[in-house]
2 protein chains.
Amino acid sequence: MVAMEKKNKKQRKRWREKMNDDDDDDDEKVEDEEENEGKNINGGERQREHPFIVTEPGEVARGKKNGLDYLFHLYEQCREFLIRVQVIAKDRGEKCPTKVTNQVFRYAKKAGASYINKPKMRHYVHCYALHCLDEDVSNELRRVFKERGENVGAWRQACYKPLVAIVTRQGWDIDAIFNSHPRLSIWYVPTKLRQLSHSERNNAAIASTSVGINC
Amino acid sequence: MVAMEKKNKKQRKRWREKMNDDDDDDDEKVEDEEENEGKNINGGERQREHPFIVTEPGEVARGKKNGLDYLFHLYEQCREFLIRVQVIAKDRGEKCPTKVTNQVFRYAKKAGASYINKPKMRHYVHCYALHCLDEDVSNELRRVFKERGENVGAWRQACYKPLVAIVTRQGWDIDAIFNSHPRLSIWYVPTKLRQLSHSERNNAAIASTSVGINC
DNA sequence: TTTTAATCCAATGGTTTGAA
DNA sequence: ATTTAATCCAATGGTTTGAA
C-alpha cells in the first residue's frame, strides 16, 4: 500500500512534468519541491494538497501550487476510476454506477489517489463543465483572471456566468446539457448551477411577458 | 383530505367494475363488499389492503381479494405519480427523478393513494416485468397457476423462471432490458432478479467451457 | 401459513465546519 | 483571508420484522 502510493506520486509528478517538456529553467527547483510531495523532510505526512492557482492553459504551477490543467486532470482520473468500478460491478453482476458516487471516491482512495476527495471535486464541477462545454471560453477566462492576478475563488465564481449563458442558449435545461456530454454526464449537476439556470429561465419568461410576447 | 380519499376510493372501485362490464351476476354482492373499502361499518379504519389472488387476465377478484390486473394497474399508477413529480420538479428547477423513488411513494400517499407502498411494489416488480416483456407468457402462467389453485406466493416465485429465460436470450444484461423498456425503466432492478441473471450467465459460461468452446 | 406494511439500517448525496 | 478536507446530516434504497 505504501509502495503503491509512492509509485502513484511519481506518476503524478511525471504528468505535471510532461506539460513542461520544452521549458528547462527552474526545473531543478521544481523537482526539489515536488520530491517532498506526500511527506515532508521530517517524515511527517503532508497535511493537505497544494492549493490551486489560476494558470493559463498549458502552464504548470510553480512552487507549492497546483494549476488548473491539473485540476481538470483530476476529473479525468475520476472518470477512469468510475470506469474501473463499472467493469468490476458488471463482472460481479452488481448494480453499476453511472455517476461518480461515494463508492468511486472510496475506490480512488484505496487505489492510492488520496489527493482525490468528494468536497474538492464537487466544489469545482461547474468549472470543469465550462472547460468541457466551451474550452475556448474557459481558456480565455483563465488568461484574463491570471493576468488580473485574481485568486482561485474569484475565477471559480466567474465560471458561472459564461456557463449560464450557454445553458440559456440551449433552453435552460442543465440536466440535458450534462447528460448529453460524454465526460460531463458522470457528474451530478451542482445545486447552485441548477438554481442559477432556473432563475435565468424565470428572468427570460418575465422579460418576454413585459415585452408583450405572452399577452 | 378525507374528501380526496373518498373520491379516490370511488375511482378505484370504478376501475375494477369496468373490467366486469358484461358480467352481471353477483354484482350486488361485490358492490356491498366494496362499499366497505377504506373503513369498515363500525367506523374503524380498515387495517390493510385485501390480499392478491392469482386471477386470469381480465378476471376480477371476488370477495375481499384483489386480482393481478389490479396489481399491474398499481404499477401504472406509480408511473403516473412519477410523471407528476417530474413535472413539478422541472417546473421548480429541482432535481428530477427518473425512477420510482421514496419521494414518489410519499407523493402517492399524500395524493390519497394510501394503498400504494414501497415494500409491496418492490415485492412484485419482477412479476410486472414479465407482464411488460412477454404478456403472452405472463398470461399463460397466470392461467396455469390459477387452474392449479396455487397461491400468490407460488405464482410470484414462478415468474422468475420465464424472466431469466428472456434475459438469457438477450445476453444476460438485466439492466439493459429494464432500461430499454419505457414502462420498466422507471423501476429499480430487484436484487434477486439481478443475482439470478448473473448466475445464469456463469452457468452458461461454464457449460460452454466444458463443451470445449473456450478451450 | 400466507400476505401485508411498518420499521429499521447502512450507505448516500450533499453541505457545513473548522483546520491549515 | 483563502483554500482544503474531515465531519456531519437528513433522506435514500433496500430489507427485516412482526402484525393481520
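Just so it is clear: chains get the letters A, B, ... in the order the sequence lines come, proteins before strands, and each one is counted from 1. Any value given below was found using the heavy atoms of this structure, including those in side chains, with hydrogens, waters and symmetry copies removed. If you're wondering where the values come from, they're calculated on a predicted model, not measured in any experiment.
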Rounding to a whole Å, what distance do you find between [X]:[atom1] and [N]:[atom2]?
| X | N | atom1 | atom2 | value |
| --- | --- | --- | --- | --- |
| A/H50 | D/dT4 | NE2 | C1' | 12 Å |
| A/L74 | D/dT4 | CG | P | 11 Å |
| A/H123 | D/dT7 | NE2 | P | 20 Å |
| B/Y124 | C/dA5 | OH | C1' | 12 Å |
| B/R106 | D/dT12 | CZ | C1' | 9 Å |
| B/Q103 | D/dA10 | CD | P | 18 Å |
| B/L71 | C/dT3 | CG | P | 12 Å |

| task | Measure the spacing between CG of A/D136 and CG of A/L141 and express it to the nearest 0.5 Å. | result | 12.5 Å

| message | Looking at D/dA1, which nucleotide sits across from it as a Watson-Crick or G-U wobble partner, both distances under 3.5 angstrom, or is there none? | response | none

| field | Pairing nucleotide - D/dT12, Watson-Crick or G-U, each distance under 3.5 Å | value | C/dA10

| said: Could you go through A/E59 and A/K146, starting from their C-alpha distance and side-chain angles, then the distance that decides it, and tell me whether this counts as salt bridge (Lys or Arg N to Asp or Glu O under 4.0 Å)? | reply: CA-CA 11 Å; A/E59 180 194 8; A/K146 189 205 170 186; 3.1 Å; yes

If you check the [X] side chain, which of [options] turns out closest?
| X | options | result |
| --- | --- | --- |
| B/N151 | C/dA5, C/dT12, C/dT2 | C/dT2 |
| B/E49 | D/dA5, C/dT4, D/dT4 | C/dT4 |
| B/N117 | C/dT3, C/dG14, C/dA5 | C/dA5 |
| A/V152 | C/dT4, C/dT12, D/dT3 | D/dT3 |

Could you tell me whether the phosphate oxygens of [N], OP1 or OP2, come under 4.0 Å of any side-chain nitrogen or oxygen in [X]?
| X | N | result |
| --- | --- | --- |
| B/R122 | C/dA5 | no |
| A/K120 | D/dT4 | no |
| A/R156 | D/dT2 | no |
| B/Y115 | C/dT4 | no |

| Any residue of residues 174-194 of chain A with a heavy atom less than 4.0 Å from an atom of DNA chain C | A/Y188, A/T191

| task | Name every residue in residues 89-102 of chain A that has at least one heavy atom under 4.0 Å from any atom of DNA chain C, in order of residue number, or write none if there are no such residues. | result |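 Correct list: A/T101, A/N102.
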
| query | Quick check: does any side chain N or O of B/H126 sit under 3.5 Å from a backbone N or O of B/Q157, one acting as donor and the other as acceptor? | reply | no

| request: May I ask you to check if B/R84 and B/F81 form a cation-pi contact, with NZ or CZ under 6.0 angstrom from the six-membered ring centre and within 45° of the axis? | output: no

Any heavy-atom pair between the side chains of [Y] and [X] that's under 4.5 Å?
| X | Y | value |
| --- | --- | --- |
| B/R142 | B/S138 | yes |
| A/V189 | B/K95 | no |
| A/Y115 | A/N66 | no |

I'd like a list of close polar pairs between nucleotides 18-20 of chain C and the protein, N/O only, cut-off under 3.5 Å.
{"residue": "C/dA20", "atom": "N3", "partner": "A/R48", "partner atom": "NH2", "Å": "2.8"}

| message | Tell me whether A/E147 at atom CD has more than 12 heavy atoms from other residues, nucleotides or ligands lying less than 6.0 Å away. | response |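 Counting neighbours around CD of A/E147, 12 or fewer heavy atoms of other residues, nucleotides or ligands fall under 6.0 Å, so no.
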
| note | Which of B/W155, B/Y124, B/F72 passes ring pair (Phe, Tyr, Trp, His ring centres under 6.0 Å) with B/F52? It is B/Y124

